[in-house]
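In what follows, residues are counted from 1 in the order of the sequence shown.
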Amino acid sequence: WKSNITHLIVRQTAIRQLGRFYFGDAKLYELQRIDLIGNGNLSTIDQRAFDGLGQLEVLRVFGCVGLSHFNRQALSGLKSLRQFVWARNDVLYSDLFVNITRAASRHIVPSLQLLHIESTAQSSSFSLVDLKLTKDDLIQLRQLRTLHLINCNLRFIHPMTFVFLINLE
């Protein structure tokens with residue numbers, strides 16, 4: 001059995017966790033896009049949750065307000081991923097931000113061109129109030145052409161932070 005599905009929308013479900021190889025047995029070999037939208041019960045995306053989706057080009061995680069854990073290896077196996085959007089999920093704290101940027105590393109998702117990170121909170125004590133981008137924090141994102149950091153409450157950005165992002169347009 002083989003599925004011809006190319007776009008999957010997972011919206012407002014009771015799913016609490018995307019565990020390891022969550023989509024692996026579904027045989028969604030043609031899947032090019034997943035939109036996880038408004039899944040308020042989803043709290044965790046574990047390592048290799050999307051493994052087996054070798055054709056996946058777009059992953060959008062949007063409005064999952066309970067989502068507070070994203071494993072650094074969650075995107076492993078997504079060699080074709082071109083766009084990763086993380087927007088308006090749980091409050092974006094510094095450890096979560098670091099995990100998202102590490103997961104988007106050129107070593108894990110070499111085809112990634114767009115990384116969009118957007119927080120819901122504008123000035124919460126739980127947001128990125130203490131986040132300071134050092135010169136090495138984004139060094140593994142050299143493959144990116146577009147980087148969006150929206151409402152992230154960045155308090156400090158080292159002058160050399162973006163030097164290594166040589167492909168940004």
Is the closest side-chain heavy-atom distance between [X] and [Y] below 4.5 Å?
X	Y	answer
R48	S76	yes
L154	L133	yes
H148	T146	yes
L96	S68	no
L18	L36	yes
V58	I34	no
V85	L59	no
I108	Q73	yes

Can you name the nearest heavy-atom pair linking G54 to S80, along with the distance?
O-OG, 2.9 Å
Shortest non-hydrogen contact between R72 and V98, atoms and distance:
NH2-CG1, 3.4 Å
Say you draw a straight line from [atom1] of [X] to [atom2] of [Y]; how long is it, rounded to the nearest 0.5 Å?
X	Y	atom1	atom2	value
R82	Q113	CZ	CD	6.0 Å
L112	S105	CG	OG	10.0 Å
N71	T44	CG	OG1	9.5 Å
H158	K135	NE2	NZ	6.5 Å
H69	N99	NE2	CG	7.0 Å
D137	F164	CG	CZ	11.5 Å

Cluster check [X], [Y]: I/L/V/M/F/W/Y, side chain < 4.5 angstrom:
X	Y	answer
L56	I15	yes
I139	F162	no
I157	L115	yes
V10	I5	yes
L78	Y22	yes

Can you check side-chain contact (heavy atoms from CB on, under 4.5 Å) on L138 and T101, steps first, answer last?
CA-CA 7 Å; L138 304 179; T101 58; 4.0 Å; yes
Indicate yes or no for a side-chain donor-acceptor contact from [X] to the backbone of [Y] under 3.5 Å, with no hydrogens or angles considered.
X	Y	answer
S43	L67	no
N167	R142	yes
E118	W86	no
T161	T134	yes
N89	C64	yes
S111	K79	yes
N39	T13	yes

Crowded around R102 CZ? As in, over 12 foreign heavy atoms under 6.0 Å?
yes
Residues that R33 engages under salt bridge (Lys or Arg N to Asp or Glu O under 4.0 Å), provided they are two or more places apart:
D35
Using the salt bridge (Lys or Arg N to Asp or Glu O under 4.0 Å) criterion, which residues pair with R145? Sequence neighbours excluded.
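Applying salt bridge (Lys or Arg N to Asp or Glu O under 4.0 Å) to R145 gives E169.
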Give the other cluster members for I37, using side-chain heavy-atom distances under 4.5 Å between Ile, Leu, Val, Met, Phe, Trp and Tyr residues; answer none if it is isolated.
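So far as hydrophobic clustering goes, I37 is joined with I9, F62.
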Determine the interplanar angle of the F70 and F84 rings, folded into 0 to 90°, and report it as parallel if under 30°, tilted if 30 to 60°, perpendicular if over 60°.
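Aromatic pair F70/F84 classed parallel.
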Please walk me through it: do L165 and L141 pass side-chain contact (heavy atoms from CB on, under 4.5 Å)?
CA-CA 6 Å; L165 302 179; L141 301 178; 3.7 Å; yes
Could you walk me through whether Q32 and H7 pass the side-chain hydrogen bond (donor to acceptor under 3.5 Å, both in side chains) test, one step at a time?
CA-CA 6 Å; Q32 295 173 5; H7 186 179; over 6 Å; no
For D46 and Q17, what are the C-alpha separation, side-chain angles and deciding distance, and is it a side-chain contact (heavy atoms from CB on, under 4.5 Å)?
CA-CA 8 Å; D46 283 331; Q17 177 179 2; 2.3 Å; yes
Check against side-chain contact (heavy atoms from CB on, under 4.5 Å), L81 and L75
CA-CA 9 Å; L81 191 67; L75 303 179; 4.2 Å; yes
